[in-house]
Amino acid sequence: MKRIPGPVMLDVESTVLNENDVRRLSHPMTGGVILFARHFEDRAQLTALTDAIRAVREELIIAVDHEGGRVQRFRTDGFTVLPPMRRLGELWDKDVLLATKVATATGYILASELRACGVDLSFTPVLDLDYGHSQVIGDRAFHRDPRVVTLLAKSLSHGLALAGMSNCGKHFPGHGFATADSHVALPTDDRPLDTILRGDAAPYGWLDIALGSVIPAHVIYTQVDDKPAGFSRIWLEEILRGKLGFTGAIFSDDLSMEAARAGGTLTQAAAAALAAGCDMVLICNQPQAAETVLDELRYAPSKESGRRIGRLRGRGKPPRWGKLVARADYQAAQRLLRSTLG
């Protein structure tokens, strides 16, 4: 009988597992591992690390923020340096069909390279709208038009799926309008709910079952709730699951960020996010603090929550790197990216 994944995703201390990592990964409250650039030396080391994580707990989800542009954790030893998503939006404005084709190729390259090294999931695509003034979003967004964002995200997700990877839309209901960076401050958005639903949140409803998971924003939408979206049952249960019909997994954004820590401990933040409707909470770059949460948190994930998380595991057995780069579809995707985006 498979164990239900625990509700905490954390990281490990270095490029190889130590006994502290093994203890934390073995904890029943642990459900996943998030990797960063500091966990990467080369492909062989990364693959050895993901293999070692699986040897501790086979059911753990291994994830990474690997969008392209400035948010791409692995960039050397053969990994393709991917463009920021705004480049795809700019291409759309010139040639719609070519842009969707390149988006699919981008998703396929992104996912196939990660999966060849043992990574299940990249937290992509960004569904925020490009208003041109968000410090933290910037060129990570596809476009200002939610219809363009939806169609490019769908094409990118098709590419991910071709390599056996699910997807994660972020940051619900939309971080693009807020100017502050939630890593260091608590942003607010004072627009009415109808405005947000017609624009920023629209891609989540339009993508529907094509969306496997979601990360909500650490933003307070003052006319809807006095809590950030990731801690709000109004946003997660009433709007995302109820009004928009979302059935996938919900991850919190990093609880170590300033916007999540206000007024409580990490354990209290984790409990609040889970109570609001998150299936799994992220605690990044603080493995020791994460262990305190593992020990203090009192939470029993439901079977449905476990199924939602379990569906995010990589599908099928991916080819190892040598076979991947020799494949005709991979080579064709590489040629398309080089010829259109340089």
Side-chain angles (χ1 to χ4, degrees), residues 65-73 75 80-111 113-114 122-163 165-179 181-182 187 189 191 195-208 210-217 219 332-342:
D65 279 316
H66 199 86
E67 305 165 7
R70 58 193 162 96
V71 182
Q72 180 175 341
R73 305 309 187 195
R75 307 174 71 91
T80 303
V81 178
L82 299 165
M85 295 301 100
R86 182 185 283 168
R87 294 282 305 280
L88 296 176
E90 291 168 347
L91 184 59
W92 173 283
D93 290 336
K94 298 174 184 176
D95 188 327
V96 170
L97 293 179
L98 180 60
T100 59
K101 187 176 177 181
V102 174
T104 299
T106 300
Y108 176 70
I109 290 169
L110 185 161
E113 291 179 353
L114 289 176
S122 174
F123 290 126
T124 190
V126 170
L127 300 180
D128 302 311
L129 305 188
D130 186 3
Y131 288 96
H133 58 238
S134 171
Q135 299 175 32
V136 70
I137 303 303
D139 65 1
R140 297 166 65 190
F142 289 106
H143 206 273
R144 170 64 180 82
D145 188 330
R147 297 166 298 180
V148 177
V149 169
T150 300
L151 293 172
L152 285 174
K154 193 166 189 177
S155 295
L156 184 93
S157 297
H158 181 212
L160 300 177
L162 290 173
M165 182 178 284
S166 189
N167 57 25
C168 183
K170 59 187 188 185
H171 306 80
F172 178 79
H175 201 316
F177 192 80
T179 56
D181 183 347
S182 53
D189 185 332
R191 296 173 301 160
T195 299
I196 296 169
L197 291 179
R198 284 197 308 269
D200 302 66
Y204 294 87
W206 288 336
L207 284 167
D208 196 36
L211 201 56
S213 61
V214 162
I215 290 179
V219 175
Q334 287 282 2
R335 287 194 299 272
L336 181 60
L337 250 64
R338 286 194 296 268
S339 64
T340 54
L341 300 179

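Any value given below was found using the heavy atoms of this structure, including those in side chains, with hydrogens, waters and symmetry copies removed.
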Asks: Take Leu337 and Leu82 through the test side-chain contact (heavy atoms from CB on, under 4.5 Å) and record every step on the way to the result.
Replies: CA-CA 9 Å; Leu337 250 64; Leu82 299 165; 4.0 Å; yes

Asks: Could you state the interatomic distance from CG (Leu151) to CG (Leu156), rounded to the nearest 0.5 Å?
Replies: 12.5 Å

Asks: How far does CG of Leu127 sit from CD1 of Ile137, to the nearest 0.5 angstrom?
Replies: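 With rounding to 0.5 Å, CG (Leu127) is 10.5 Å from CD1 (Ile137).
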
Asks: For Pro203 and Val149, work out which heavy atoms get closest and say how close.
Replies: CG-CG1, 4.2 Å

Asks: Using the salt bridge (Lys or Arg N to Asp or Glu O under 4.0 Å) rule, pick out the option among Arg144, Arg87, Arg86 that qualifies with Asp130.
Replies: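 Result: among Arg144, Arg87, Arg86, Arg86 is the only option passing the salt bridge (Lys or Arg N to Asp or Glu O under 4.0 Å) with Asp130.
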
Asks: Quick check: closest heavy atoms across Leu129 and Gly199, and the distance to 0.1 Å?
Replies: CD1-C, 3.8 Å

Asks: Determine whether a donor-acceptor pair (N or O, by modelled atom type, separation under 3.5 Å) exists between the side chain of Thr104 and the backbone of Gly159.
Replies: no

Asks: Please check if atom CZ in Arg75 has more than 12 non-hydrogen atoms from other residues, nucleotides or ligands closer than 6.0 Å.
Replies: yes

Asks: Show the numbers, then the answer: is there a side-chain contact (heavy atoms from CB on, under 4.5 Å) between Lys154 and Trp206?
Replies: CA-CA 10 Å; Lys154 193 166 189 177; Trp206 288 336; over 6 Å; no

Asks: Using 0.5 Å steps for rounding, measure from the NZ atom of Lys101 to the CG atom of Asp95.
Replies: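 Here the interatomic distance stands at 10.0 Å.
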
Asks: Return the minimal non-hydrogen interatomic distance between Asn167 and Ser213, and the atom names on each side.
Replies: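 Smallest heavy-atom distance, with atoms named: O-OG, 2.7 Å.
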
Asks: Just how far is it from atom CD of Glu67 to atom CZ of Phe123, taken to the nearest 0.5 Å?
Replies: 11.0 Å

Asks: Compare every heavy atom of Asp145 with every heavy atom of His143, then report the nearest pair and how far apart it is.
Replies: ND1-N, 3.0 Å

Asks: Which value, rounded to the nearest 0.5 Å, describes the distance between Thr80 atom OG1 and Arg338 atom CZ?
Replies: 8.5 Å

Asks: Identify which one of Leu211, Val214, Ile215, Val219 satisfies the side-chain contact (heavy atoms from CB on, under 4.5 Å) criterion when paired with Phe172.
Replies: Val214

Asks: Report the C-alpha distance between Tyr108 and His158 in whole Å, list the side-chain angles of each, state the deciding distance to 0.1 Å, and finish with yes or no for ring-ring contact (aromatic ring centres under 6.0 Å, His included).
Replies: CA-CA 8 Å; Tyr108 176 70; His158 181 212; 9.8 Å; no

Asks: Between atom CG of Leu88 and atom OG1 of Thr106, what is the distance when rounded to the nearest 0.5 Å?
Replies: 5.0 Å

Asks: From the options His171, Arg140, His175, select the one residue that forms a side-chain hydrogen bond (donor to acceptor under 3.5 Å, both in side chains) with Asp128.
Replies: His171

Asks: Could you go through Leu114 and Leu110, starting from their C-alpha distance and side-chain angles, then the distance that decides it, and tell me whether this counts as side-chain contact (heavy atoms from CB on, under 4.5 Å)?
Replies: CA-CA 6 Å; Leu114 289 176; Leu110 185 161; 3.8 Å; yes

Asks: Given the rule in the side-chain contact (heavy atoms from CB on, under 4.5 Å) test, do Leu98 and Leu336 qualify, once you have shown the distances and angles that lead to the verdict?
Replies: CA-CA 10 Å; Leu98 180 60; Leu336 181 60; 4.2 Å; yes

Asks: Which pair of non-hydrogen atoms, one from Met85 and one from Phe142, has the smallest distance, and what is that distance?
Replies: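 Nearest heavy atoms, Met85 then Phe142: SD-CE2, 3.5 Å.
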
Asks: Testing the basics here: between Ser122 and Met165, what is the closest heavy-atom pair and its distance to 0.1 Å?
Replies: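 Closest approach of Ser122 to Met165, heavy atoms only: N-SD, 3.5 Å.
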
